[in-house]
Visitor: 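Before I ask anything, here is the structure I am working with.
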Amino acid sequence: MDYLDNLFFAILLICGFGYFFMNIKKINRNINLGIAIDRKDNPQARWKNMAMIALGQSKMVKRPVAGILHIIVYVGFVIINIELLEIIIDGLFGTHRIFSSMGALYGVLIGSFEILALLVLVAVIIFWIRRNVIKIKRFINPDLKGFPKNDGNYILYFEMVLMTLFLLMNATDTHFQGSNSGNLISQFIAPLFSNMSASSLEIIERSAWWLHISGILVFLNYLYFSKHLHILLAFPNTYFADLNPLGQLSNLEAVTKEVKLMMDPTADPFAAAAPAEGEVPAKFGASDVQDLNWVQLLNAYTCTECGRCTSVCPANLTGKKLSPRKIMMDTRDRLEEVGKNIDANKGLFIPDNKTLLNDYITPEELWACTSCNACVEECPVNISPLSIIIDMRRYLVMEQSAAPMPINAMMTNVENNGAPWQYNQQDRLNWKNEN
């Protein structure tokens with residue numbers, strides 16, 4: 001009847017990975033609701049960005065304590081899960097530590113895994129203390145409440161349990177402990193079970209083994225609902241990030257075309273093709289997630305909710321409502337709502353009388369932004385909240401004429417006087433006559 005264990009394990013794997021890939025397809029579908037944008041230029045610079053920022057964690061270490069701890073957790077968790085390959089083979093074919101035939105090399109690998117597991121445990125405990133005891137400001141901001149606030153703790157508990165199960169599994173494996181190779185940490189835990197019978201040790205070891213693999217699959221599928229989706233999306237996000245200088249804003253193609261037409265003395269303004277019947281004119285700016293480009297939607301899913309952007313935002317620091325982190329979280333929440341609408345209506349989006357603008361993000365938040373790019377510079381995975389803010393402000397100005405009074409006055413002055421100030425053009429040089 002041993003084959004029943006292998007069959008159950010295979011079903012567990014199929015369900016776990018199947019549900020994960022089903023959710024990945026939803027994310028891909030939702031991201032592709034965005035407007036097409038070409039981000040295939042300069043592949044060399046893009047690969048370098050991905051290697052340095054996503055893989056090398058170069059922007060994380062700007063804050064050394066959090067950066068080093070994050071690298072330990074990141075490297076440890078990824079490398080330890082290499083052992084997942086051995087667990088899968090053992091589970092499917094009924095073997096036990098099949099890679100132990102590698103001899104001394106296996107001991108080196110497992111020993112490294114155990115050291116990393118201990119380091120991850122220490123780092124995770126420090127992270128928990130920073131969040132819940134020290135209460136660092138960016139983790140208790142009003143924009144981080146409810147599930148987003150608890151999500152960080154849930155992940156820390158997940159990692160604590162998984163690392164503990166890994167060490168417990170090794171400590172109660174009598175065959176592994178007997179080989180005295182690779183048990184660098186678990187050898188100090190094993191004496192706690194020295195008075196137990198062989199059958200009891202086997203039950204504990206098998207229980208830890210099953211809970212460990214089940215926990216990994218639960219964690220894998222929890223990523224879809226969690227900010228920790230950035231574990232996967234940080235790589236494409238840094239690859240497709242904007243390579244232009246931070247102060248360079250994109251131009252609306254329709255506006256650029258009109259300006260070129262206006263500046264060309266040989267252009268025939270009546271030569272443009274008439275719009276097709278039923279064609280909806282392109283919207284200026286963005287009022288909902290479908291008006292953003294797909295990279296901005298990828299940004300929303302990649303957001304780590306770490307709050308580094310908000311902690312350096314001058315508007316937020318002076319008490320204004322703007323929080324770049326909230327901009328990204330609201331964008332993702334609205335995108336998820338649109339995705340559920342599509343799922344519920346068999347692939348079609350039925351208007352729900354909601355938009356990202358007003359229902360999630362207020363004009364007050366948008367106009368508080370100083371466009372300084374501090375949030376973009378600070379983000380550890382190259383997310384740009386500013387690009388979303390700019391597109392939504394464009395909609396307010398160009399579609400709704402809803403700019404604040406000082407900005408409307410400035411634009412009126414530019415239109416009438418050719419300058420932002422309320423002076424007649426003929427008076428511009430009066431300053432030269434002043435003593």
Side-chain angles (χ1 to χ4, degrees), residues 2 4-20 72-100 102 106-125 128 153-179 181-190 192-193 196 198-224 226 228 231-232:
D2 288 345
L4 288 177
D5 286 346
N6 307 131
L7 180 61
F8 178 76
F9 184 85
I11 293 171
L12 182 68
L13 275 186
I14 291 169
C15 291
F17 283 107
Y19 186 64
F20 172 73
I72 290 172
V73 174
Y74 169 74
V75 173
F77 195 77
V78 170
I79 291 178
I80 289 169
N81 281 318
I82 293 175
E83 194 206 11
L84 185 62
L85 179 61
E86 182 182 53
I87 291 177
I88 290 174
I89 294 173
D90 285 346
L92 290 175
F93 299 102
T95 54
H96 184 69
R97 293 191 181 269
I98 192 169
F99 292 158
S100 59
M102 297 166 63
Y106 183 75
V108 171
L109 286 173
I110 295 297
S112 302
F113 295 166
E114 288 200 355
I115 291 172
L116 282 169
L118 179 62
L119 290 174
V120 169
L121 267 174
V122 172
V124 165
I125 290 169
W128 186 89
N153 281 332
Y154 296 156
I155 291 294
L156 295 180
Y157 297 141
F158 253 119
E159 290 171 346
M160 288 180 194
V161 170
L162 290 176
M163 295 304 104
T164 301
L165 286 171
F166 171 72
L167 292 174
L168 181 63
M169 179 178 70
N170 286 355
T172 53
D173 187 338
T174 52
H175 174 73
F176 173 66
Q177 292 296 322
S179 67
S181 176
N183 57 338
L184 298 181
I185 305 299
S186 59
Q187 64 177 312
F188 299 106
I189 305 173
L192 297 174
F193 307 94
M196 291 188 175
S199 59
S200 297
L201 286 174
E202 184 179 359
I203 290 172
I204 295 173
E205 188 272 336
R206 285 291 85 191
S207 298
W209 186 91
W210 278 101
L211 288 171
H212 184 66
I213 182 62
S214 301
I216 289 173
L217 291 174
V218 170
F219 178 83
L220 180 68
N221 285 286
Y222 179 71
L223 291 180
Y224 172 75
S226 166
H228 284 72
I231 293 172
L232 305 175

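FYI, side chains are in, hydrogens and waters are out, and symmetry mates aren't considered; it's all heavy atoms of this structure. Small disclaimer: the values here were computed from a predicted structure and weren't measured.
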Visitor: Where do Met160 and Trp128 land on the side chain to side chain contact (heavy atoms under 4.5 Å, CB included) test, with the steps shown first?
Guide: CA-CA 10 Å; Met160 288 180 194; Trp128 186 89; 4.1 Å; yes
Visitor: When you compare the side chain of Asn6 with that of Leu92, does any pair of heavy atoms fall below 4.5 Å?
Guide: no
Visitor: Taking the side chain as everything from C-beta on, heavy atoms only, tell me whether Phe17 gets closer than 4.5 Å to Leu220.
Guide: yes
Visitor: Can you tell me how far apart NE2 (His175) and CZ (Arg97) are? Round to the nearest 0.5 Å.
Guide: 8.5 Å
Visitor: Any side-chain heavy atom of Phe113 within less than 4.5 Å of one from Ile79?
Guide: yes
Visitor: Under a 4.5 Å cut-off applied to non-hydrogen side-chain atoms, are Phe9 and Leu13 in contact?
Guide: yes
Visitor: Can you name the nearest heavy-atom pair linking Glu86 to Ile98, along with the distance?
Guide: OE2-N, 3.5 Å
Visitor: Can you establish whether the number of heavy atoms outside Tyr157 located under 6.0 Å from its atom OH is more than 12?
Guide: yes
Visitor: Once you round to the nearest 0.5 Å, how far does CG of Leu84 lie from CD1 of Ile89?
Guide: 10.0 Å
Visitor: Do you know which two heavy atoms are closest between Ala190 and Ala171, and how far apart they sit?
Guide: CB-O, 3.6 Å
Visitor: With side chains defined as the heavy atoms from C-beta onward, is the minimum distance between Ser179 and Tyr106 less than 4.5 Å?
Guide: no
Visitor: Would you say the side chain of Met102 lies within less than 4.5 Å of the side chain of Leu109, judging by non-hydrogen atoms?
Guide: yes
Visitor: What's the spacing between Glu202 CD and Ile204 CD1 if we round to 0.5 Å?
Guide: 11.0 Å
Visitor: Do the non-hydrogen side-chain atoms of Phe219 and Ile155 ever get within less than 4.5 Å of each other?
Guide: yes
Visitor: Would Ile185 and Phe166 count as a side chain to side chain contact (heavy atoms under 4.5 Å, CB included) here? Give the steps.
Guide: CA-CA 11 Å; Ile185 305 299; Phe166 171 72; over 6 Å; no
Visitor: What's the separation between atom CG in Leu167 and atom CG in Leu184, rounded to the nearest 0.5 Å?
Guide: 11.0 Å
Visitor: May I ask you to decide if the ring planes of Tyr222 and Phe158 are parallel, tilted or perpendicular, using 30° and 60° as cut-offs?
Guide: tilted
Visitor: With Asn170, which of Glu83, Glu114, Gln177 fulfils side chain to side chain donor-acceptor pair (under 3.5 Å)?
Guide: Glu114
Visitor: When the side chains of residues 209-216 are checked against the rest of the protein, which donor-acceptor pairs come out under 3.5 Å, sequence neighbours left out?
Guide:
from   : atom 1 : to     : atom 2 : distance (Å)
His212 : ND1    : Leu162 : O      : 3.3
Ser214 : OG     : Trp210 : O      : 2.8

Visitor: To the nearest 0.5 Å, what is the distance between NE2 on His96 and CG on Asp90?
Guide: 7.5 Å
Visitor: When rounded to the nearest 0.5 angstrom, what distance separates CG in Leu12 from CD1 in Ile88?
Guide: 10.0 Å
Visitor: Below 4.5 Å, heavy atoms only, C-beta onward: do Tyr19 and Leu217 meet side chain to side chain?
Guide: no
Visitor: So which atom in Ile72 and which in Ala123 form the shortest heavy-atom distance, rounded to 0.1 Å?
Guide: CG2-CB, 4.2 Å
Visitor: Indicate the atoms forming the closest heavy-atom contact of Asn221 with Gly16, along with that distance.
Guide: ND2-O, 3.0 Å
